[in-house]
*Asks:* 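After the C-alpha cells below, expect a handful of questions from me.
Computed from heavy atoms alone, side chains included, the values below leave out hydrogens, waters and symmetry copies. Note that ligands are numbered from 1 as they come in the structure, with each ligand's atoms numbered from 1 the same way. Quick caveat: nothing in here was measured; it's all calculated off a predicted structure.
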Amino acid sequence: MADFRNEEKTIRAGRKRSGAWLVRYALEQLPVSHTFGIPGVHNTEIYDELSESSTIHPVLVTHEGGAAFMADAVSRSTAGEIGVLVIVPAAGLTNAMSGIGEAYLDGIPLLVISGGTRTDTEFGFKLHELDQHKILAGISKGSWLVKKHSDIVPTIFAAYLLAVSGMPGPVAVEIPANIQLFKGEVESLPEFRPHSPAMAADETAVDDAVDLLAKAAKPGIFVGWGAVDVAREMCGIADLLGAPVATTLQGMSAFPGNHPLHTGMGFSRAAVPAAENAFKQCDCLLAVGARFGEIPTGSFDCTVPEDLIHVDVDPAAFNRNFPAKVTIAGDARIIVPKLLEKLSERRLQNEERYRCVVKQIARDKNVYREEWYKHQNDRVNPAMFFDELRKQLADDAILVVDDGNHTFLAAELYEVRHKRAFLSPTDFNCMGYCIPAAIGAKLVNPTRQVVGIVGDGAFLMTGLELLTSVTEHAGIAYFVFSDGELSQIAQGQELTYNRKTCTVLGKLRLDGVALATGAGYVSIDANPHIPGGIRAALAIAEGKRPVIVDVNIDYSKRTRFTQGVVKAVRKRFPLGDRLRFVRRALLRKVTG
Ligand SMILES: Cc1ncc(C[n+]2csc(CCOP(=O)(O)OP(=O)(O)O)c2C)c(N)n1
Ligand SMILES: [Mg+2]
C-alpha cells in the first residue's frame with residue numbers, strides 16, 4: 001500500500017497522554033465537526049474526551065448502521081468535511097457495515113474509529129473479540145490496528161489521507177481499549193497539513209479529447225458524482241458544444257436540472273424521453289466522473305459511441321464496460337477546467353446545434369410531464385407532488401432519497417439545481433439510507449433545507465433514527481411514500497412473474513411513529529392536499545423539528561427506469577429461459 005503519511009509538522013509533547021486524548025487531538029485537526037456512533041466499554045474513554053471538545057460534537061444514534069449513513073451524508077453534502085464514526089468493535093462494526101459498504105461502492109470518504117479489545121491481558125474469549133480487519137478488507141480502502149500511543153495521531157492522519165485520495169472511500173482505525181484508557185509516552189505530536197489533489201492533467205490526452213469533441217456532429221455528455229464540484233465548468237463545456245447532458249443517479253447534482261441542455265438520469269431506453277432521444281446517434285461521448293454502472297446505464301443497455309472520452313479518478317473504470325478512445329485519469333477538479341479552457345480556444349460555432357438540441361429537450365420534457373399529469377386518480381400524483389416540492393424549496397435544498405420506486409420517481413420528476421443537493425445510495429444500493437443520511441446532511445448544513453423522500457419499506461429499516469433528529473434538533477421534512485409495498489421489487493415481480501411474493505408490507509401507522517419519537521406529523525392524502533401539506537411540513541422543519549409526511553402516493557404508473565431495466569435484463573436471459581418466463585407470466589394472467 002502507498003505511504004500516505006502526512007508531511008506533518010511536529011510539536012514536542014514531552015509527556016504521557018492517554019490514547020483517547022490522542023484520538024481527540026487528531027480528529028480536531030481534521031475537517032471533522034461531528035462523530036456518529038454508540039459508546040460501549042471499548043470506546044467510552046474516547047467519548048469522554050469528545051465531550052470536552054469545542055469543535056467536535058459526538059452524536060448518539062439508535063443503530064450504528066444509521067451512524068454510517070449519517071457520516072456518509074456529511075461527506076457527500078460538503079466539499080471537504082469527512083464523516084466519522086466512533087463505534088465499539090465487532091458488534092458496532094458489523095452494524096455499521098451497511099453504511100460502510102455504501103460509502104465503499106459509491107466512493108465516499110468515511111473515517112471509522114473503532115474501539116478494540118485489550119492487548120495487555122492474557123485472557124481469551126474477550127467481549128467483542130473479532131478480527132475486524134478481515135471483515136474490513138473487502139469493504140474499505142484500508143484498516144489499521146494501533147499498537148502504541150505514538151502511532152495514534154500519524155495513523156489517523158494516514159487513514160484520512162487514504163480516504164480522500166484518488167477514488168475516495170471508507171477507512172478504519174482500531175484503537176485497543178487499554179491504549180485509549182491508559183497513558184503512554186508520546187515524544188511529539190504531529191500537526192495535520194491539508195493536502196490538495198495536485199495531479200496534473202495529461203495535456204496530450206486533453207488535446208486528443210478536444211479534437212474529438214470539436215469534430216463531432218452529435219456530441220453528448222455524461223456526468224457522475226466525480227464531477228460534482230465542477231458543475232459550472234461542465235455547463236461551460238456543454239454550452240460550447242451544444243451537447244445534451246445526462247447524469248448518473250448518484251451524480252444528479254453534478255449538473256443543474258434547470259440548465260436547458262440537461263436531459264435526465266442516464267441515456268438508455270430506461271431513461272426519460274428527453275435523454276433517450278437527445279443521445280440517439282450520439283457520435284462522441286464525454287463521460288466525466290461516471291463509471292457506467294448498472295443503474296444509469298439501464299443495466300448496461302445504452303449505446304456508447306466509439307469516440308468515448310472517459311475522465312475518471314479511478315483508472316479501473318476505463319474500458320471496463322465500454323471501450324474508450326481517450327482516457328484521462330485524474331481529479332475532475334483539475335481536468336475539467338483544462339478541457340473547458342482548451343475547448344474555448346477552438347472558437348467553435350455550435351449555436352445552431354445548441355438551439356435544436358435545447359428545443360427538442362424542452363419539448364420531450366414537457367410531453368413526459370403531461371403524460372404524468374394525465375395519469376390522475378384519487379391518490380397523490382408523483383409529478384404534481386415533485387413540482388410543488390420544487391416550487392416550495394430553495395434551489396440549494398438537499399434532497400435525500402432511499403432505494404426504491406420513489407428514487408426513480410424523484411430522478412425522473414424532481415429538478416436538482418445545486419451541487420451536492422441530491423444524495424442517493426447508489427451502487428451498494430442499501431435501503432435504510434434516507435432517514436439517517438438526512439440527519440448527517442442537516443447537521444453539517446444547518447442553513448440549507450434538507451428533505452427526505454423515503455419508501456415505507458426503507459422507512460421501516462431505520463425509521464427510529466427520527467429520535468436522533470429530534471434530540472439533535474435536525475429540522476428535516478421526511479416524505480414517506482406510503483404504498484404498502486416494496487414497490488420497486490413488487491413491480492418487477494408483477495412484470496416478470498405476474499405474482500408478488502413477500503413484497504406486501506404490514507400496515508404501518510406513521511402517526512404512531514411520530515408520536516413515539518416526538519417528530520411532527522402531516523398527511524397528504526390526495527392532490528388538493530399537496531401544497532398545504534408540503535407548506536406545513538417545511539414550516540415544522542424550519543422550527544428545528546423533524547416531521548413525517550405520510551404521502552398517499554400513486555404508484556400505478558411505472559417509471560421509465562423500471563420499464564426499461566426489466567426489458568434490458570430479460571433481453572440478456574438465454575432464449576429458452578426467456579420464453580419460459582413469458583409463458584409462465586401469461587399462464588398466470590389467464591389462470592389468475
Ligand atoms: C438492504 C436492502 N434490502 C433489499 C433491497 C432490495 N430492494 C430494492 S428496492 C426495494 C423496495 C423498497 O421498498 P420501499 O422502501 O417501500 O420503496 P418503494 O419501492 O415502495 O418506493 C427492495 C426490497 C435493497 N436494495 N437493500
Ligand atoms: Mg413502498
Side-chain angles (χ1 to χ4, degrees), residues 63-66 68-69 72 94-106 139 249-250 265 270 293-295 299 372 379-383 385-386 389 399-414 423-438 451-466 478-497 500-510 513 523-524 548-566 569:
H63 186 286
E64 288 88 347
F69 291 139
D72 163 300
T94 52
N95 270 0
M97 293 300 273
S98 298
I100 297 174
E102 194 64 64
Y104 186 55
L105 289 197
D106 284 1
I139 204 167
L249 176 66
Q250 190 181 341
M265 191 270 287
E294 183 150 15
I295 289 182
S299 200
W372 275 93
R379 294 182 76 109
V380 174
N381 180 285
F385 170 82
F386 279 115
L389 185 65
L399 193 87
V400 185
V401 297
D402 214 289
D403 178 41
N405 190 47
H406 58 279
T407 314
F408 300 102
L409 285 173
E412 293 184 5
L413 300 170
Y414 177 78
L423 312 187
S424 77
T426 307
D427 284 343
F428 194 73
N429 213 223
C430 193
M431 283 170 70
Y433 179 83
C434 172
I435 302 282
V451 163
I453 302 289
V454 57
D456 39 11
F459 180 89
L460 284 166
M461 289 195 176
T462 50
L464 284 182
E465 292 295 356
L466 267 164
Y478 289 109
F479 295 91
V480 184
F481 280 14
S482 291
D483 70 316
E485 287 189 340
L486 301 171
S487 182
Q488 187 63 23
I489 304 304
Q491 290 189 18
Q493 288 176 327
E494 228 171 8
L495 285 164
T496 314
Y497 305 107
K500 298 179 199 172
T501 307
C502 259
T503 43
V504 177
L505 298 168
K507 178 85 194 110
L508 174 68
R509 286 279 302 268
L510 286 169
V513 183
S523 78
I524 300 180
I548 301 177
V549 188
D550 190 350
V551 185
N552 183 31
I553 198 78
D554 175 26
Y555 272 0
S556 61
K557 179 172 162 57
R558 294 193 182 114
T559 59
R560 290 271 303 193
F561 178 79
T562 301
Q563 294 175 58
V565 158
V566 169
V569 171

*Asks:* Show which atoms of ligand 1 fall inside a sub-4.0 Å distance from at least one heavy-atom site of His406.
*Replies:* 17 (O), 18 (P), 21 (O)

*Asks:* Restricting to N, O or S atoms, which atom of Glu485 is closest to the Mg ion (ligand 2)?
*Replies:* O

*Asks:* Nearest non-hydrogen atom to atom 21 (O) of ligand 1 belongs to which of Tyr433, Tyr555, Phe428?
*Replies:* Tyr555

*Asks:* Quick one: which ligand 1 atoms are inside 4.0 Å of a heavy atom on Ser487?
*Replies:* 13 (O), 18 (P), 19 (O), 20 (O)

*Asks:* Nearest protein heavy atom to atom 4 (C) of ligand 1, by residue and atom, and its distance?
*Replies:* Met431 SD, 3.6 Å

*Asks:* Do you know which N/O/S atom name in Asp456 is closest to the Mg ion (ligand 2)?
*Replies:* OD1

*Asks:* Could you give the distance from CD (Glu485) to CG (Asp456), rounded to the nearest 0.5 Å?
*Replies:* 8.5 Å

*Asks:* Report, in ascending order of atom number, the atoms of ligand 1 lying under 4.0 Å from any heavy atom of Asn405.
*Replies:* 18 (P), 19 (O), 21 (O)

*Asks:* Please find the pair of heavy atoms, one from Pro436 and one from Thr462, that lie closest to each other, and give the distance.
*Replies:* CD-OG1, 3.4 Å

*Asks:* Give yes if a backbone or side-chain nitrogen or oxygen of Cys430 is under 3.5 Å from a nitrogen or oxygen of ligand 1, and no if not.
*Replies:* no

*Asks:* Please name the pair of heavy atoms, one in Ile435 and one in Glu465, separated by the smallest distance, quoted to 0.1 Å.
*Replies:* CG2-CB, 4.1 Å

*Asks:* Looking only at protein heavy atoms, identify the closest one to atom 8 (C) of ligand 1 and say how far it is in Å.
*Replies:* Asp403 OD2, 3.1 Å

*Asks:* Could you pull out the closest heavy-atom pair between Ala437 and Val400, with the gap in Å?
*Replies:* CB-CG1, 3.8 Å

*Asks:* Purely on distance, is any nitrogen or oxygen of Met461 under 3.5 Å from one on ligand 1?
*Replies:* no

*Asks:* Any atoms of ligand 1 less than 4.0 Å from a non-hydrogen atom of Gln488? List them with their elements.
*Replies:* 9 (S), 19 (O)

*Asks:* Quick one: report the N, O or S atom of Asp483 that is nearest to the Mg ion (ligand 2).
*Replies:* OD1

*Asks:* Between CD of Glu412 and CH2 of Trp372, what distance do you get to the nearest 0.5 Å?
*Replies:* 6.5 Å

*Asks:* If you measure every N/O of Gly457 against every N/O of ligand 1, is any gap under 3.5 Å?
*Replies:* yes

*Asks:* Could you check whether any heavy atom of Asp483 sits closer than 4.0 Å to an atom of ligand 1, since that is the contact criterion I want to use?
*Replies:* yes

*Asks:* Should you measure from each heavy atom of Asn429, which atoms of ligand 1 turn up under 4.0 Å away?
*Replies:* 24 (C), 25 (N), 26 (N)

*Asks:* Which heavy atom of the protein is the closest neighbour of atom 15 (O) of ligand 1, given with residue, atom name and distance?
*Replies:* Ala458 N, 2.7 Å

*Asks:* Kindly state whether the ring of Phe385 and the ring of Phe481 have centres lying under 6.0 angstrom apart.
*Replies:* yes

*Asks:* Distance from His406 atom NE2 to Phe459 atom CZ, nearest 0.5 Å?
*Replies:* 12.5 Å

*Asks:* What is the distance from atom CZ of Arg560 to atom CE of Met265, rounded to the nearest 0.5 Å?
*Replies:* 11.5 Å

*Asks:* Quick check on side chain to side chain contact (heavy atoms under 4.5 Å, CB included): which of Val549, Val551, Leu389 does Ile453 satisfy it with?
*Replies:* Leu389

*Asks:* Determine the sole option in Gln493, Gln491, Gln488 for which the side-chain hydrogen bond (donor to acceptor under 3.5 Å, both in side chains) test with Thr503 is passed.
*Replies:* Gln493

